[in-house]
Amino acid sequence: MRLLPEPGPARTLALSTLVNTVGRGTWLTVSALFLTRSVGLTVAQVGVALSVTALVSLVASTPMGYLADRHGPRGLQLAALVASAVCTAALVAVRSFAAFLVVGVLMAVADSATRGARGALIAGAVPADQRVRTRAHLRAVTNVGISVGAVVAGVGLAADTRAAYVALILLDCVTYLVAAAILLRLPEVPPVPAPTHGPRLIALRDRPFLAFTVLDGLMSMHFGLLNIALPLWIAGHTRAPHWLISGCMLVNTVMVVLFQVRASRGTEDLSGAGRAARRAGAVIAVACVLFAASGGVPAPVAVPLLLGGALVHVVGELWHAAAGWGVSFGLAPAHAQGQYQGAYAMGMQLGSMVAPVVVTTLAVGWGVPGWLLLGGLFLLLGALVPPVVRWAGRTREEQLVAA
């Protein structure tokens, strides 16, 4: 399997993403300890700040995508990466909750601009039949980059000094700038003129697309199963060794790197993407059943159940990701790819905001019945995507006839 796509715009995007996510991995790994041990914030303050920045990112996604359409995605992407570098460097000077909140909000806006511009950049620089495959490559290299960054961050965590944390933050800053420099190799994608009449943020008025975005966002709660619920479940409700938490994470990362591109095949059109979403919901439901079955049984039984659940879960994750890209690109008008990709990102952000409460309450708090309820929820969400996609397709046919 080729990790990088063929030479051209897609490879340039992949190389830029790989460099950037190495830095991102270092920050994600050390951020909590840096903010609490070096800056002196409380855990509650960090939680509040992250919630606020997540909300800002949610609200800013679609407007930032609109700016990418109107002013050109390449320029906005470059500006967002440089702004992210400046904000990251500013973290070194943070000494209070208020200062971190200001920097965090600015970084959230820059992140939103990056997401919206990336979608429009892919749509403008890559042939239509290669867009989903390109997104698959980007997701694979993202996992590689974050994993490498986490390993690098281990050096700073071992030192546990302010100097080590500052060095890792500055490394993150440099990766933003190098990623921007790599993107300079991309040809300019011209801006698309705004329609002469009607609302500007049409993605927020597209009811079928918004319905899909909500379904897809709620489906993305399954990421919380592996990152939040499963570690707590393994530690508190099974007899499996605690190292299995890392084993399940490793299964996920390796599978995404090796098979995300392959799993995206057949999702380039709307009907194929809808079917992939339905399969994803069913497979993730099976994973929930396997996780539930691991509770209270002997370790030799629990270990294969948990590893099997992690393997089944990542198959659903691969299909879910590919389906989302196929639908979001397929439903977006040519003149509004940026804002539609921004609106699509809102669903993922919604899922990440509600997942901690939902998955811990059901899977950890309710135990086996909660796992089974979660499985039923994912099964239902996946089954609802194909009819919503067909609804969206009909509305577009009606608009063409009316025009």
Side-chain angles (χ1 to χ4, degrees), residues 47 51 54 211-253 255-256 274-321 323-324 347-388:
S51 297
F212 161 73
T213 297
V214 172
L215 289 175
D216 187 80
L218 293 176
M219 177 81 84
S220 72
M221 291 191 300
H222 71 77
F223 291 107
L225 297 182
L226 197 69
N227 299 330
I228 302 171
L230 194 59
L232 297 174
W233 176 256
I234 290 174
H237 298 268
T238 77
R239 298 174 185 172
H242 290 183
W243 57 257
L244 196 65
I245 297 171
S246 297
C248 291
M249 297 289 188
L250 183 62
V251 166
N252 182 272
T253 300
M255 288 288 288
V256 170
R275 290 192 297 270
R278 183 171 56 209
R279 292 197 303 269
V283 169
I284 293 171
V286 172
C288 289
V289 173
L290 292 173
F291 292 146
S294 68
V297 299
V301 178
V303 169
L305 284 172
L306 290 166
L307 288 175
L311 185 61
V312 172
H313 169 268
V314 74
V315 173
E317 177 183 325
L318 297 174
W319 280 334
H320 167 242
M348 299 291 289
Q349 292 163 318
L350 172 66
S352 66
M353 290 174 66
V354 302
V357 174
V358 173
V359 302
T360 54
T361 299
L362 294 181
V364 183
W366 293 14
V368 171
W371 278 112
L372 298 180
L373 182 59
L374 278 171
L377 174 62
F378 290 123
L379 183 65
L380 175 62
L381 291 170
L384 289 175
V385 171
V388 167

Correct closest heavy-atom pair for Ala277 and Val385 would be CB-CG1, 3.6 Å

How many angstroms lie between CG in Leu290 and CG in Leu307, if you round to the nearest 0.5 Å?
11.0 Å

Could you tell me whether a side-chain N or O of Ser352 sits under 3.5 Å from a main-chain N or O of Gln349, the two making a donor and an acceptor?
yes

Inter-residue atom distance Thr238.OG1 - Leu244.CG, 0.5 Å rounding:
7.5 Å

Minimal heavy-atom distance between Cys288 and Phe378, with the atoms involved, is SG-CD1, 4.1 Å

Minimum heavy-atom separation for Val388 and Ala211, please, with both atom names.
CG1-CB, 4.0 Å

Do side-chain atoms of His313 reach the backbone of His222 as a donor and acceptor pair under 3.5 angstrom?
yes

Going by heavy atoms in the side chains, are Pro241 and Val303 under 4.5 Å from each other?
yes

Ile228 and Val364: side-chain contact (heavy atoms from CB on, under 4.5 Å), yes or no, with the steps?
CA-CA 10 Å; Ile228 302 171; Val364 183; over 6 Å; no

Tightest non-hydrogen contact, residues Thr361 and Val357, listed as OG1-O, 2.7 Å

Between Thr253 and Leu250, is there a donor-acceptor pair closer than 3.5 Å when you use the side chain of the first and the backbone of the second?
no

For Phe223, does its backbone N or O pair with a side-chain atom of Asn227 as donor and acceptor, under 3.5 Å?
yes

Listed once per pair and sorted, the salt bridge (Lys or Arg N to Asp or Glu O under 4.0 Å) pairs that draw on residues 307-321, sequence neighbours left out:
Arg139-Glu317

Look up atom CG in Leu362 and atom CE in Met221, then write down how far apart they are to the nearest 0.5 Å.
8.5 Å

Residue pair Gly375 / Ala285: nearest heavy atoms and the distance that separates them
O-CB, 3.2 Å

Find out whether Leu225 and Val359 are in side-chain contact, i.e. whether some heavy atom of one side chain is under 4.5 Å from a heavy atom of the other.
yes

Run Asp216 and Met348 through side-chain contact (heavy atoms from CB on, under 4.5 Å) and show every step you take.
CA-CA 7 Å; Asp216 187 80; Met348 299 291 289; 3.8 Å; yes

Output for pair (Ser246 OG, Ile234 CD1), nearest 0.5 Å, gives 9.0 Å

Non-neighbouring partners of Trp233 that pass ring pair (Phe, Tyr, Trp, His ring centres under 6.0 Å), sequence neighbours left out:
His237, Trp371

Between atom CG of Leu377 and atom CG of Leu372, what is the distance when rounded to the nearest 0.5 Å?
12.5 Å

Side chains of Pro231 and Met249, heavy atoms from C-beta outward: is any pair under 4.5 Å?
yes

First locate atom SG of Cys248, then atom CG of Leu311, and finally report the distance between them rounded to the nearest 0.5 Å.
10.0 Å

pair Leu374-Val358: side-chain heavy atoms closer than 4.5 Å
yes

Is any side-chain heavy atom of Arg275 less than 4.5 Å from a side-chain heavy atom of Pro386?
no

Would you say Arg278 and Trp319 make side-chain contact, with heavy atoms under 4.5 Å?
no

